[in-house]
Amino acid sequence: MEAQKEAQRIMTMSVWKMYHSRMQRGGLRLHRSLQLSLVMRSARELYLSAKVETDEAELSPFPAAALAPAPNLPQPMTVAEAEDASLQVSEEAIPAPEPMETQEARVNEPAPACSRLPPVPNATLSQHSMKPNRKRRSSSLGQCGEAGLVPSKKARLEEETAPTEGKAEVEAEDLERRQSQAEEGPFPSLARVLQKRFSGILSNTGGPPKPTAPPPSCELQPGCRQADNMINILVRTVVAF
Amino acid sequence: MEEDIDTRKINNSFLRDHSYATEADIISTVEFNHTGELLATGDKGGRVVIFQREQESKNQLHRRGEYNVYSTFQSHEPEFDYLKSLEIEEKINKIRWLPQQNAAYFLLSTNDKTVKLWKVSERDKRPEGYNLKDEDGRIRDPATITTLRVPVLRPMDLMVEATPRRVFANAHTYHINSISVNSDYETYMSADDLRINLWNFEITNQSFNIVDIKPANMEELTEVITAAEFHPLHCNTFVYSSSKGTIRLCDMRASALCDRHTKFFEEPEDPSNRSFFSEIISSISDVKFSHSGRYIMTRDYLTVKVWDLNMENRPIETYQVHDYLRSKLCSLYENDCIFDKFECVWNGSDSVIMTGSYNNFFRMFDRNTKRDVTLEASRENSKPRAILKPRKVCVGGKRRKDEISVDSLDFSKKILHTAWHPSENIIAVAATNNLYIFQDKVN
């Protein structure tokens, strides 16, 4: 529990430092960004492994949707993304302050553990997913105490798909994922998890890989565009870690 | 241990009674030249200040060769990269002297992007007796000129002028962290986070890329170059250190692009020391060849290590600089101190190594006797010409009278840059915006 809180605190701090390093004179420092991302990764591993232990210990039937987005929150400001002196950089930077303010507020609250959160986050998520406004979505971050992780704009689309799946199914998958993540580094596990999760979708489609069984929230938007975005997000999430 | 001579930077002389320090005055590099006669410092404001040792005179025996300001010039100015919308800091990252070949002195200074070759020369004579203009420089009325004379050189007050002779620009995408002059004195290298370039002093519009560790996909980046140096004697050999705590030795005769190292120095990680921040404290912040060329010394956050070039699997000596900080890494991460890049230096005979720490402490390790000492560079604790008292940090339990506890250390006072005279026991220690020069006791 303590380890979890500590890891969360360090993750939040790392993101804050990463954001501020961009504002420094002289531009982004590659070495510093690399070090921050290393710390963030270690903190994330620690957080997830601590969380696995907590979840196993509690065996609680809380809504899994609250837990679902947790491992899928990619770091918006990995070294690679950060170093590309291109539109990407400015894109990532823009949503960062907004979610961070929300996060820090949530962190300061006497927040219970993620698993204890009531279905509010779930509702919040699906509610937000209906809204076409991107900015609003990115501030719905604080769900399930994952305040330390700041997802990127694009990644939010992926998260919204998560809670709409069956809760029990997701919960089982999550535990499995987190266990495997605790054992290995984040890259292979995350890739495998995402593969597993979307393999059903991918096999259904045949042809060009796109998730043709989108959750209800996505039906509101043009199917093709949504799929492309999803694949981009998947690629980015897998590679970014 | 040593006599203390306190030399204040010339720019700060009017701030004598003020306790604040302008950020531009923070010293960012210190370097003796090859004879030790000159000492150059660079600061965050892009200025270079050169000190010269006084000639020893029989009249003033107790003033044994003090260092006085010789020249001050603005080396780099802040620039703006319009393409990337980034400001380029004028902070001088490194200064390296060239060996003296004539009456003038040459040094290389670099900021994040541009290396400059400066010529520092003296002028102590000026021509007098021109025909067409008078002594003030005003043109004389030709009608008043009735005789012809040859101008003669007359002595004048010594004037030291610095002129930029070469500007080596636009060769680095990332931030330059090191420069090193080759022993052939014709070439030098500049290293940034991912690449090392080889330059010829005469050619400014081209450089050879000799190391490139940039991955095809930047998202696969795992390590960066943190420091690089040429071998002091072999012009084909150089080393570079990485953020993963490894050192690679490369031979330029092997191939044009030295991506494959000749030797790879890495110490296996001690599993008992593994912590959350293990990866970042193992990052090497400085690498220095010994004067003999037989050893290299590396500095990471908590230790200094000496490696024998003939043994790659572990260092031959490891010295703990401030191991009491190992349990405080989280707080040091919070206040950004964990990212501080300390430098390390050899003495002239390679028997003693020195590096800085916090609270204006600096440490010296005698490799032969295995003794070490902690000294402090501060005005309050040392009067001019007083002997420096060894300091001790109390790790826990009872604190003795002269000891300082870990929690009382001032982490804003850090000594990152030090230099040792090439042949004598004179050291220069940069403490934020102050430069301290210490000498061996006379008698």
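Below, chain A is the first sequence line, B the second, and so on; all start at residue 1. Because only heavy atoms are used, hydrogens play no part in the values below, and waters and symmetry mates are left out as well, while side chains stay in.
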How close do [X] and [Y] get, counting heavy atoms only, and between which atoms?
{"X": "B/L86", "Y": "A/G27", "answer": "CD2-CA, 3.5 Å"}
{"X": "B/Y333", "Y": "A/S14", "answer": "OH-OG, 2.7 Å"}
{"X": "A/R25", "Y": "B/P78", "answer": "NH2-CB, 3.6 Å"}
{"X": "B/V224", "Y": "A/L30", "answer": "CG1-CD2, 3.9 Å"}

query: Taking the six-membered ring of B/F339 as reference, does the NZ or CZ atom of A/K17 fall below 6.0 Å from its centre and within a 45° cone about the axis?
result: no

* Start with the C-alpha gap between A/R32 and B/I280, add the side-chain angles, then the distance that decides, and say whether side-chain contact (heavy atoms from CB on, under 4.5 Å) holds. => CA-CA 10 Å; A/R32 176 71 63 105; B/I280 53 176; over 6 Å; no

Please state whether the side chain, the backbone, both or neither of [X] comes within less than 4.5 Å of a heavy atom of chain A.
{"X": "B/E87", "value": "both"}
{"X": "B/S85", "value": "neither"}
{"X": "B/D336", "value": "both"}
{"X": "B/S278", "value": "neither"}
{"X": "B/L194", "value": "side chain"}

Inset, instruction - Compare all side-chain heavy atoms of B/S243 with those of A/Q35 and state whether any distance is below 4.5 angstrom. - result: no

Are B/Y174 and A/L28 packed together at the side-chain level, in the sense that at least one heavy-atom pair is separated by less than 4.5 angstrom? no

Turns out that what part of A/Q24 lies under 4.5 Å from chain B's heavy atoms comes down to neither

With chain A, the option among B/D112, B/I88, B/L83 that has the most non-hydrogen atom pairs under 4.5 Å is B/D112

Which of B/E223, B/H175, B/K341 passes side-chain hydrogen bond (donor to acceptor under 3.5 Å, both in side chains) with A/H31? Answer is B/K341

If you draw a 6.0 Å radius around CZ in B/F80, do more than 12 non-hydrogen atoms from other residues or ligands fall strictly inside?
-> yes

